[in-house]
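Have a look at the structure below before the remarks.
Letters A, B, ... mirror the listed sequences (proteins, then strands); counts begin at 1. Not measured: the values here are computed from a predicted model.
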Amino acid sequence: MSQRVIDILISSFPRIFGQGILVTIPLTVISFSLALVVAVICAMIQIADVKGLKQLVRFYIWIIRGTPLLVQLYLVYFGLPDLGIMLPAFPCAVAVFALNEGAYCAETVRASIEAVPKGQMEAGYCVGMSYIQIMRRIVLPQAFRTAFPPLSNSLISMIKDTSLAANITVMEMFMATQRVAGRTYEHLALYSEVALIYLLFCTVITWLQRLGERKLNAMNGGNVIRA
Amino acid sequence: MLEIEGLKKAIDGHQILRGVDLSLEKGDVLAVLGPSGGGKTTLLRCLNYLERADAGTMTFLGQRMDMPSMTRRQSAEYRRHTAFVFQSFNLFSNKTALQNVTEGLIVARKMPKAQALERAMAALERVGLADKRDAYPSQLSGGQQQRVAIARAVAGQPDVIFFDEPTSALDPELIGGVLDVIQALAEDGMTMIVVTHEVHFARNVSTHVLFMDEGVALASAPTRAFFEEQKLERIQSFFRSLDRKDGQI
Ligand SMILES: Nc1ncnc2c1ncn2[C@@H]1O[C@H](COP(=O)(O)OP(=O)(O)OP(=O)(O)O)[C@@H](O)[C@H]1O
Ligand SMILES: [Mg+2]
């Protein structure tokens, strides 16, 4: 590797990594948090069998899962202005990522809630607890343990998918790299560099996942064995 | 204390309970026997409003209620006086043995924590599991789980406890321990309805027997009379078939 390439890599690193810390990670964290809210609401609507709303949720999940994420980004950022709805790029990206991931996570959350044996709900009623109390204290904590690995998976996917936001002018880590590469023509070196930074972020998440799982297991009394 | 008249229930168009009457005085232990599919579980579930009856009146502690029209609030109030022990234990998997017992006391009955702990420990002692207080259900044997479930039931100081085949999901060597606990409760004067296939247990512990078959109470009598003066051919043949199965009655 020539000295020039090394110099470019070193001098671009703070710029690229900085956009990762300043944009990619906040974009991921905000979008994913909102996605979880969307997911839990959708899951609860489906489980509580709320008439009308349930069909709406099904429809939403069907649309989101059946269309590409990149197309959704374009629709909202470039398409909605035709209807007079104009959003800045970052909130736009947050909205699309949250709604997109929310649809996938809704299925994860729903399946995890349904995996908690129904008898525990009935036992809760029999000791006088209300639906809300049983959900909050018995069902959701167990569902969360079940949902945790697949949700971590979703988070890892999402942090990489945020690179698509470059297409709608969000100056995140990938776009910052494109800028440097455009100027210097060191594509192989720079895209390798940004790939390594994504890998680093995902490694940290994987490590946090292990830690979280250990903690959740301790709170659920070892690996939860289901009768 | 508890009286049921004309209890009917259909599920998916099948008439499962066809008008069941029963009556229970304080301190009674009513054993419910009968062939599989006879409606025993459905009867208990209706009695605790886990299943909504289609018809029937309940008189409980002097109060008369129309079972199909009970509101959520009314059934919640009624459940404060009852407890249910399930065939499959249904302990809360994310709570320790002790927390399983205190959960209802603290969360549903708003009991101060210290008092709930005290009562829960007394209940665990009663079923011989005080030393397992910090174990999670997954760390307990089936028999131990069922005894914790009984402690959970007892801790609410209910007026009546419903048991649905409390030993059917247990390995044979664990059944005795659970039956002993239920027998001890009976001796302490607890009012109970116990659905069971353990004829020995019904004979020795219950005060009354109700025989359910095809959704009706085919017979209902004090235990001695039920076993010793049984005239109904249907019931005699039921016992003969059990006899053949495990050589005991
Ligand atoms: N949720 C349900 N949906 C459809 N049929 C049901 C349902 N629950 C019970 N049944 C039917 O109702 C009848 C009575 O069931 P129930 O469980 O009350 O009998 P049981 O006397 O408790 O039997 P077992 O001794 O096997 O526990 C059975 O024929 C059963 O198939
Ligand atoms: Mg049954």
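With contacts defined as side-chain heavy-atom distances shorter than 4.5 Å, the pair A:C126/B:F162 does not qualify. Counting heavy atoms from C-beta on, the side chains of A:V127 and B:R109 never come closer than 4.5 Å.
Looking only at distances, no side-chain donor or acceptor of B:N94 sits under 3.5 Å from a matching main-chain atom of A:L140. The backbone N or O of B:S93 sits less than 3.5 Å from a side-chain atom of A:Q120, completing a donor-acceptor pair.
No more than 12 heavy atoms of other residues, nucleotides or ligands lie within 6.0 Å of NZ in A:K118, so this atom counts as exposed by the packing criterion. The neighbour count for A:I132 CD1, taken as heavy atoms of other residues, nucleotides or ligands under 6.0 Å away, does not exceed 12. The environment of B:Q63 atom CD is sparse: at most 12 non-hydrogen atoms of other residues, nucleotides or ligands sit within 6.0 angstrom. Within 6.0 Å of CD on B:E118 lie no more than 12 heavy atoms contributed by other residues, nucleotides or ligands.
In terms of heavy-atom proximity, A:M129 sits nearest to B:E103 at CE-OE2, 3.5 Å.
Heavy-atom distances place the side chain of A:Q133, and not its backbone, under 4.5 Å from chain B. For a residue to count as touching a neighbouring chain, one of its non-hydrogen atoms must lie under 4.5 Å from one of that chain's; by this rule B:R79 touches chain A with backbone and side chain alike. Of the atoms belonging to B:L91, it is backbone heavy atoms, and not side-chain ones, that fall under 4.5 Å from chain A. Proximity to chain A (any heavy atom under 4.5 Å) is shown, for B:T96, by neither the backbone nor the side chain. With a threshold of 4.5 angstrom between heavy atoms, B:F92 approaches chain A through its backbone and through its side chain.
Considering CD of A:E122 and CZ of B:F84, their distance stands at 8.0 Å, rounded to 0.5 Å.
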